[in-house]
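Residues: numbered from 1 along the sequence shown. Quick caveat, the model's predicted, so the values are computed rather than measured.
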Amino acid sequence: MTRIARTVPNVTFPVRIDDDDSGFTWGSIDTETVFAGRRVLVFSLPGAFTPTCTMNQLPGFEAYYDQIREYGIDDIYCASVNDTFVMNAWFRELNVEKVKAIPDGTGSFTRQMGFLVDKSAIGFGLRSWRYSAIVENGMIKHLFAEPGLCDNAETDPFTVSDVYTMLDFINREETS
């Protein structure tokens, strides 16, 4: 049985940063900077350029970014077990400007979160199970994980990690 984290793990991610003058420079982002002292929405998905992730999941959070921020969310991050080059290319391809990427190329963040699954049956290797979460000061406060978390799942559910489930939840939370 996979144990789901209650706090966000401490991980540093190498990233390539677009720089208009010199092309790209190396940098890093770490989970302490992303989550400490902030209320953040993070969602994770199996892979960049895959159909559901590209047509629905990432574009949905980008489209509703401003509305979600009105509910006291400081930022929205998309995590995927893809390297920084792939994440950068995917975000450029989709014209994503508001949601920020967490390129978890080694899967260490995803593993420590409890969502690393083997998708070798469809040729992916190790990837993230779909989820979305609200994290407050590094503590996972609300988590929406797709049902059936397991290696080589026969289905790829997308029923509760979507932007509409999150919007409904934070709207109800705000009005209660």
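- With rounding to the nearest 0.5 angstrom, the OH atom of Y64 is 14.5 Å from the CG atom of L41.
- Remark: T52 OG1 to D162 CG distance equals 11.5 Å, nearest 0.5 Å.
- N82 places no side-chain N or O within 3.5 Å of a backbone atom of G47 that could act as its donor or acceptor partner.
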Problem - salt bridge (charged side-chain N to carboxylate O under 4.0 Å, His left out) assessment of D83 paired with R16 - result: CA-CA 10 Å; D83 64 58; R16 290 289 275 191; over 6 Å; no
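- For an aromatic pair to be called close, the ring centres must be under 6.0 Å apart, and F144 with Y131 fails this.
- Using a 4.0 Å cut-off between charged side-chain N and carboxylate O, R127 and D118 make no salt bridge.
- Contact check for V117 versus L126: no side-chain heavy atoms found under the 4.5 Å cut-off.
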Handout entry: Test side-chain contact (heavy atoms from CB on, under 4.5 Å) applied to F49 and E93, step by step
Key = CA-CA 9 Å; F49 294 104; E93 176 83 16; 4.1 Å; yes
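- A parallel orientation is assigned to the rings of F61 and F43, their planes being inclined by less than 30° (bins at 30° and 60°).
- How far OG1 of T50 is from CE of M55: 9.0 Å, rounded to the nearest 0.5 Å.
- In terms of heavy-atom proximity, S128 sits nearest to K119 at O-CE, 4.4 Å.
- M87 and V81 are not part of a single hydrophobic cluster, where members link through side-chain heavy atoms under 4.5 Å apart.
- Criterion: ILVMFWY side-chain heavy atoms under 4.5 Å apart, direct or through other members. Under it, V99 and V135 are not part of a common hydrophobic cluster.
- With contacts defined as side-chain heavy-atom distances shorter than 4.5 Å, the pair S132/F169 does not qualify.
- For the residue pair E146 / T159, a side-chain donor-acceptor distance below 3.5 Å is found, with atom types taken as modelled.
- If you chain together hydrophobic residues whose side chains sit under 4.5 Å apart, L94 and Y77 never meet in one group.
- In terms of heavy atoms, V160 sits closest to A145 at CG2-O, 3.3 Å.
- When every heavy atom of P103 is checked against every heavy atom of A101, the shortest pair comes out as CD-O, 3.5 Å.
- Under the 4.5 Å side-chain criterion, counting only non-hydrogen atoms from C-beta, I140 is not in contact with T7.
- Without hydrogens or angle criteria, T31 side chain to V11 main chain gives a donor-acceptor distance under 3.5 Å.
- For the pair L167 and Q67, the minimum side-chain heavy-atom distance is below 4.5 Å.
- V40 and I170 fall into different hydrophobic clusters, where Ile, Leu, Val, Met, Phe, Trp and Tyr side chains are chained together by heavy-atom contacts under 4.5 Å.
- When all heavy atoms of V15 and T84 are compared, the pair lying nearest together is CA-OG1, 3.4 Å.
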Practice task
Could you walk me through whether E136 and R39 pass the salt bridge (charged side-chain N to carboxylate O under 4.0 Å, His left out) test, one step at a time?
Solution key: CA-CA 4 Å; E136 294 178 13; R39 187 170 189 232; 3.1 Å; yes
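- Not a single donor-acceptor pair under 3.5 Å links the side chain of E32 to the backbone N or O of N10.
- Residues M166 and A133 approach most closely at CE-N, 4.0 Å, considering heavy atoms.
- With respect to D156 and R130, a salt bridge is recorded, a charged nitrogen being found less than 4.0 Å from a carboxylate O.
- F109 is listed as a side-chain neighbour of V8, based on a closest heavy-atom distance under 4.5 Å.
- Rounded to the nearest 0.5 angstrom, S80 OG and I102 CD1 are separated by 10.5 Å.
- Contact annotation: the side chain of P46 approaches that of C53 to within less than 4.5 Å [non-hydrogen atoms, C-beta and beyond].
- Each of D74, N137, D75 was evaluated against R38; a single residue qualifies, D75, per the side chain to side chain donor-acceptor pair (under 3.5 Å) test.
- In this structure, the side chain of T33 does not engage the main chain of I29 through any donor-acceptor pair within 3.5 Å.
- A single hydrophobic cluster is not seen to contain both F124 and L116; linkage of ILVMFWY side chains at heavy-atom distances under 4.5 Å, directly or through other members, places them apart.
- Closest heavy-atom contact between W26 and P14: CZ3-CB, 4.0 Å.
- Side-chain N/O atoms of D168 and T165 include no donor and acceptor closer than 3.5 Å.
- Between the side chain of S44 and the backbone N or O of A79, at least one donor-acceptor pair lies under 3.5 Å.
- Taking the side chain as every heavy atom from C-beta outward, K100 and V34 never approach each other to under 4.5 Å.
- Proximity of a side-chain donor or acceptor of D104 to a complementary backbone N or O of T110 within less than 3.5 Å is detected.
- Atom CG of L45 and atom CG of N56 lie 11.0 Å apart (nearest 0.5 Å).
- A distance of 11.5 Å separates CD in E97 from CZ in F91, rounded to the nearest 0.5 Å.
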